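Since the model is a prediction, treat every value here as computed from it, not as a measurement. Both ligands and their constituent atoms are indexed starting at 1 by order of listing.
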Amino acid sequence: MFIVIEGPNGVGKTTIAGLLTERLRHRGHLVHLTSEPTRTRLGELLRQAEDVIHGRALALAIAADRTLHVEDEIIPALDAGHIVISDRYVQSSLVLQRVDAVDLREIWSYNRYVLQPAVCFYLVDDPHTIGARLTARRHLTRLEATAMPERELQLYDQAFQFLRRQSWHQTTIDCRGRNPDQVASAILDTLDPLLAHRRAA
Ligand SMILES: Nc1ncnc2c1ncn2[C@@H]1O[C@H](COP(=O)(O)OP(=O)(O)O)[C@@H](O)[C@H]1O
Ligand SMILES: Cc1cn([C@H]2C[C@H](O)[C@@H](COP(=O)(O)OP(=O)(O)O)O2)c(=O)[nH]c1=O
C-alpha cells in the first residue's frame, strides 16, 4: 500500500510520517519510509540547486526525480510487501511549482503518469501556528521563504479539488489542537479499514 503525507512547510509532515512508520512497524507491518526530493544524487542536487533552478526547469527536474523514485524505489518496495510512506509527492509540485509561477495544468502534465497512491493525507493547521514554526527555523529554502502558510494552504486545497477530479483518494487531517500522537492516531483511523481490506485480499 502506497501512502502519501502532504501539507505546507512546517505543518508536521516529517514528524507524522516518522510516527506513523513507528506505529505501523510496532503492529508488525513492513514499512518503507521515503521522501521527496529523493535521497538520490538527483534529489540531493535539487535540494542544493533550488536557488538556481526555478520555474519550468525545476518542475521538470522534480518530476524526473519523482519518476525515478517510483520506478527504482517505491514499486520495488511495494513488490517486496512493504507499506510505502512518502513525505511529499505530486501535491507538493501542484503547490510549490505554482508558487514558482508554473501553471497547474502544465505541472500536472509532467506528473500525470506517476503511480497513484492508495491514499493521500493532507495535514492542515492554523496558519499562525505553522508560521511560528517556520520563524523558528534557522534556514528556509527559496520556495519555503516565498510561500506563506495561508497561500500554501489555499493552493493545497486547490490541489485537493483538482486531484479529486482525477479520482485520487485523499483525506484531510485537521491537526489543530492535536499533538503528533493524536494526528498519527487520526491517520490510523482512516488506514485501519484499508489495511484490513489488504489483509483479506
Ligand atoms: N501536531 C503537532 N503539534 C505540535 N508540534 C508539532 C506537531 N507536528 C509537528 N510539530 C512540530 O513542528 C515542527 C515542524 O514539523 P516538521 O515535521 O518538520 O514539518 P514539515 O515536515 O511539514 O515541514 C517540528 O518542530 C515538530 O516537532
Ligand atoms: C517534493 C517537492 C519539493 N520541492 C522543493 C521544496 C523545498 O524547497 C525543497 C526541499 O523540500 P523539503 O520538504 O523542504 O525538504 P526537507 O525538509 O526534507 O529538506 O524541494 C518542490 O519544489 N517541489 C516538490 O514537488
I'd like the residue list for ligand 1, meaning every protein residue with a non-hydrogen atom under 4.0 Å from the ligand. Pro8, Asn9, Gly10, Val11, Gly12, Lys13, Thr14, Thr15, Arg133, Arg137, Arg178, Asn179, Pro180, Val183
State, without any angle test, whether Glu73 and Thr34 hold a side-chain donor-acceptor pair at a distance under 3.5 Å. yes
Looking at Thr146 and Arg142, would you say the former's side chain and the latter's main chain have a donor-acceptor pair under 3.5 Å? yes
Can a side-chain donor-acceptor contact be found between Tyr122 and Gln170 if the only test is distance below 3.5 angstrom? yes
Is it the case that the ring center of Tyr89 lies less than 6.0 angstrom away from the ring center of Phe2? yes
Between CD on residue Gln161 and CD on residue Gln166, distance to nearest 0.5 Å: 12.5 Å
Between the side chains of Tyr156 and Glu152, is a donor N or O closer than 3.5 angstrom to an acceptor N or O? no
With a 4.5 Å cut-off on side-chain heavy atoms, are Met1 and Leu194 touching? yes
Is there a continuous path of hydrophobic side-chain contacts, each under 4.5 Å between heavy atoms, that joins Leu94 to Leu46? yes
Identify the heavy atoms of Leu19 and Ala184 that sit nearest to each other, and give their distance. CB-CB, 4.2 Å
When you check ligand 2 against the protein, what N or O pairs turn up below 3.5 Å? List the atom names and distances, or just say none.
residue: ligand 2; atom: 8 (O); partner: Glu50; partner atom: OE2; Å: 2.2
residue: ligand 2; atom: 8 (O); partner: Thr141; partner atom: OG1; Å: 2.7
residue: ligand 2; atom: 13 (O); partner: Arg88; partner atom: NE; Å: 2.6
residue: ligand 2; atom: 14 (O); partner: Glu144; partner atom: OE2; Å: 3.0
residue: ligand 2; atom: 15 (O); partner: Arg47; partner atom: NH1; Å: 3.1
residue: ligand 2; atom: 18 (O); partner: Arg47; partner atom: NH1; Å: 2.8
residue: ligand 2; atom: 19 (O); partner: Arg47; partner atom: NH1; Å: 2.9
residue: ligand 2; atom: 22 (O); partner: Gln97; partner atom: NE2; Å: 2.9
residue: ligand 2; atom: 23 (N); partner: Gln97; partner atom: OE1; Å: 2.8
residue: ligand 2; atom: 25 (O); partner: Arg66; partner atom: NH2; Å: 2.8
residue: ligand 2; atom: 25 (O); partner: Ser93; partner atom: N; Å: 3.2
residue: ligand 2; atom: 25 (O); partner: Ser93; partner atom: OG; Å: 2.9

